[in-house]
Amino acid sequence: MNIAVITSGGDSSGMNPCLAQIVKYATHQGHVIYGYKRGFLGIRDNDYTVLRPCDVQDWHKKGGTELRTGRFPELKEQENQELLISQLTKNNIDALIVLGGDGSFKGARALSSLNPKMNIVGVPCTIDNNIYGSEYTLGYDTALNKQVDYLDGISDTGMALPGRVFFVETLGAWDGYLTHSSVLMGMADFSVLVEKPMTNEEISREIVKIRESGDKDYVVVMFAEGDSQNTITRMVDAANYVKNTLGLNVKCNLVGFQQRGGVPTATDRLRAAGFAKYAVDAVVKGIQNVYVVYADGKYQYMDVEQAFQRKVFDEFEIK
Ligand SMILES: Nc1ncnc2c1ncn2[C@@H]1O[C@H](COP(=O)(O)OP(=O)(O)O)[C@@H](O)[C@H]1O
Ligand SMILES: O=P(O)(O)OC[C@H]1O[C@](O)(COP(=O)(O)O)[C@@H](O)[C@@H]1O
């Protein structure tokens with residue numbers, strides 16, 4: 001089989017290890033992997049390279065994506081979908097594996113509904129861990145570990161010079177998985193989430209309660225990014241309120257975009273291998289219109305239509 005692969009939408013650590021495993025696993029079965037660059041844009045421009053195991057031999061330890069990613073909003077138009085199908089057909093591509101988030105899966109669904117013979121399979125890749133039906137998305141653990149390092153540093157200075165309040169905003173868009181994990185792990189006191197908003201007054205009251213409990217010499221409050229166009233402002237607004245009303249020393253911190261890259265952790269590499277195997281197996285066996293999920297300790301297939309539901313957030317048990 002000729003199998004195309006793309007990385008699309010937001011990049012995440014874990015994409016490269018997954019690409020490497022797809023190439024190795026499929027090539028050893030006699031298939032050929034076409035790596036298209038910059039997501040769907042590379043298919044439009046017929047910009048690809050045939051990937052052999054020797055080309056990907058050190059990709060397991062690389063963040064970002066060697067294929068680059070891309071956004072092509074015009075793929076919503078049928079004319080562009082037809083163009084992509086014709087580009088793939090010209091190269092005798094039998095199947096396409098899409099590494100990305102739910103947006104990329106919408107693109108995959110659009111292409112496979114135009115050409116049902118082209119088997120298209122999704123692999124959930126996003127640091128936000130917010131793909132419906134999957135307890136894990138590639139990149140989440142690497143991003144989480146960056147957050148752990150970041151908060152451990154804050155804890156050191158918090159202990160050394162008591163009395164301060166630290167506000168920390170993470171990536172994660174509208175979903176609280178990254179942000180709230182720090183509370184579950186005991187590294188932060190509470191979080192302000194899109195799923196669980198708090199007024200500035202409520203935030204102040206909570207801080208007073210923690211300080212009066214005597215349990216902590218410093219307070220850490222996590223902020224979910226929310227709408228990435230208006231990031232930071234929510235946290236700074238709350239910080240100004242707390243400073244003005246309580247007279248406390250509040251320090252604002254942004255984990256920022258370094259959280260999205262970096263060397264993939266062991267967990268991301270391990271899951272990448274599982275997702276890769278199941279994605280290749282699906283296209284080889286002709287299992288249509290699915291994405292691979294990790295749930296209840298095993299890899300499974302879900303109908304791609306399911307992917308567009310919102311994953312339910314449970315503040316006590318993140319998975
Ligand atoms: N409704 C849609 N129809 C067709 N293609 C889509 C659709 N939504 C998203 N895409 C394609 O998927 C790409 C990536 O989507 P995006 O939401 O940016 O990232 P992610 O896959 O990380 O969620 C878009 O740039 C576009 O090419
Ligand atoms: O780089 P962009 O396009 O501004 O995207 C920012 C968003 O990407 C993410 O890092 C991951 O988003 P996706 O993987 O779902 O695309 C979010 O945490 C963040 O809000």
Side-chain angles (χ1 to χ4, degrees), residues 5-24 35 37-39 51 55-71 98-101 103-104 123-131 134-157 166 168-185 187-188 191 220 222-225 228 231-232 235 252-276 294 318-319:
V5 63
I6 57 169
T7 50
S8 169
D11 54 278
S12 68
S13 291
M15 282 180 158
N16 277 326
C18 189
L19 289 170
Q21 295 291 352
I22 288 171
V23 171
K24 288 188 247 178
K37 315 273 179 66
R38 297 173 291 116
L51 293 171
D55 299 317
V56 300
Q57 56 187 301
D58 65 345
W59 288 17
H60 57 275
K61 59 180 184 184
K62 291 186 167 179
T65 161
E66 292 292 298
L67 286 181
R68 304 279 176 91
T69 176
R71 290 201 160 102
V98 176
L99 274 61
S104 302
V123 173
C125 294
T126 169
I127 65 166
D128 299 349
N129 200 22
N130 60 356
I131 299 290
S134 195
E135 289 166 15
Y136 195 78
T137 61
L138 291 181
Y140 178 58
D141 190 60
T142 305
L144 203 53
N145 273 290
K146 293 221 156 193
Q147 199 169 301
V148 166
D149 284 349
Y150 196 95
L151 285 170
D152 282 352
I154 285 178
S155 168
D156 288 343
T157 182
F166 298 92
V168 183
E169 187 193 283
T170 72
L171 289 188
W174 288 269
D175 294 286
Y177 297 97
L178 277 173
T179 315
H180 192 67
S181 297
S182 297
V183 178
L184 291 183
M185 289 188 278
M187 300 183 305
S191 57
V220 179
M222 304 301 295
F223 283 79
E225 179 191 27
S228 63
T231 185
I232 314 173
M235 175 174 68
C252 287
N253 302 269
L254 201 60
V255 179
F257 270 73
Q258 57 89 27
Q259 185 168 23
R260 203 156 90 177
V263 176
T265 60
T267 298
D268 266 323
R269 298 180 200 200
L270 208 52
R271 295 272 182 271
F275 280 121
Y294 184 78
I318 284 186
K319 58 183 187 180

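Values below: all heavy atoms of this structure, side chains included; hydrogens, waters and symmetry mates excluded.
- Of all non-hydrogen atoms in Tyr136 and Ser134, the two that sit nearest each other are O-OG, 2.7 Å.
- Distance NZ/Lys62 to CE/Met15: 16.0 Å, rounded to 0.5 Å.
- Across Phe275 and Cys18, no two heavy atoms sit closer than the pair CB-SG, 4.4 Å.
- Two residues are said to be in side-chain contact when any heavy atoms from C-beta on lie closer than 4.5 Å; Tyr150 and Thr170 fail this criterion.
- For the pair Leu151 and Met222, the minimum side-chain heavy-atom distance is below 4.5 Å.
- Looking only at side-chain heavy atoms (C-beta outward), Leu51 and Leu19 stay at 4.5 Å or farther from each other.
- Side-chain atoms of Arg269 and Thr142, non-hydrogen and from C-beta on, never get closer than 4.5 Å to each other.
- Screening Leu99, Ile131, Thr137 against Val123 for a side chain to side chain contact (heavy atoms under 4.5 Å, CB included) leaves a single residue, Leu99.
- Distance check: Lys37 NZ to Thr65 OG1 gives 10.5 Å after rounding to the nearest 0.5 Å.
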| task | Could you check Ser13 against Asp268 for side chain to side chain donor-acceptor pair (under 3.5 Å), going step by step and ending with a plain yes or no? | result | CA-CA 7 Å; Ser13 291; Asp268 266 323; over 6 Å; no

| request: Determine, step by step, whether Met185 and Leu144 satisfy the side chain to side chain contact (heavy atoms under 4.5 Å, CB included) criterion, reporting the C-alpha distance in whole Å, the side-chain angles of both residues, the deciding distance to 0.1 Å, and the verdict. | output: CA-CA 11 Å; Met185 289 188 278; Leu144 203 53; 4.2 Å; yes

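- Two residues are said to be in side-chain contact when any heavy atoms from C-beta on lie closer than 4.5 Å; Asn129 and Asp175 fail this criterion.
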| Yes or no on side chain to side chain contact (heavy atoms under 4.5 Å, CB included) for Val5 and Leu67, after CA distance, side-chain angles and deciding distance? | CA-CA 9 Å; Val5 63; Leu67 286 181; 4.2 Å; yes

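- Nearest heavy-atom pair, Ser191 versus His180, reported as atom, atom and distance to 0.1 Å: OG-ND1, 2.6 Å.
- Checking Thr7 against Thr69 by side-chain atom types alone, no donor-acceptor pair falls below 3.5 Å.
- Side-chain atoms of Asp141 and Thr265 form a donor-acceptor pair, as typed in the model, at a separation below 3.5 Å.
- In this structure the side chain of Tyr177 never reaches within 4.5 angstrom of the side chain of Thr126, judged on heavy atoms.
- Side-chain contact between Tyr140 and Leu178: present, with at least one pair of heavy atoms (C-beta onward) separated by less than 4.5 Å.
- To the nearest 0.5 angstrom, Cys125 atom SG is 12.0 Å from Asp128 atom CG.
- Going from atom CG of Asp11 over to atom CZ of Arg68 covers 11.0 Å, rounded to the nearest 0.5 Å.
- For Gly9 against Ser104, the heavy-atom pair with the smallest separation is N-OG, 3.9 Å.
- Checked by atom type and distance alone, the side chain of Glu225 pairs as donor or acceptor with a backbone atom of Ala173 at under 3.5 Å.
- Heavy-atom minimum distance, Leu254 versus Glu169: CD1-OE2, 3.4 Å.
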| request: Would you please test Phe166 and Thr157 for side chain to side chain contact (heavy atoms under 4.5 Å, CB included) and show each step? | output: CA-CA 10 Å; Phe166 298 92; Thr157 182; 4.2 Å; yes

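- Gln259 places a side-chain N or O within 3.5 Å of a backbone atom of Leu171 that can act as its donor or acceptor partner.
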| query | Going through the checks in order, is the side chain to side chain contact (heavy atoms under 4.5 Å, CB included) test met by Met187 and Val148? | reply | CA-CA 8 Å; Met187 300 183 305; Val148 166; 3.9 Å; yes

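- Neither side chain, Gln147 nor Ser181, offers a donor N or O lying under 3.5 Å from an acceptor on the other.
- One N or O on the side chain of Ser12 and one on the backbone of Leu138 form a donor-acceptor pair closer than 3.5 Å.
- A 4.5 Å side-chain heavy-atom check between Cys252 and Phe223 finds every atom pair outside the cut-off.
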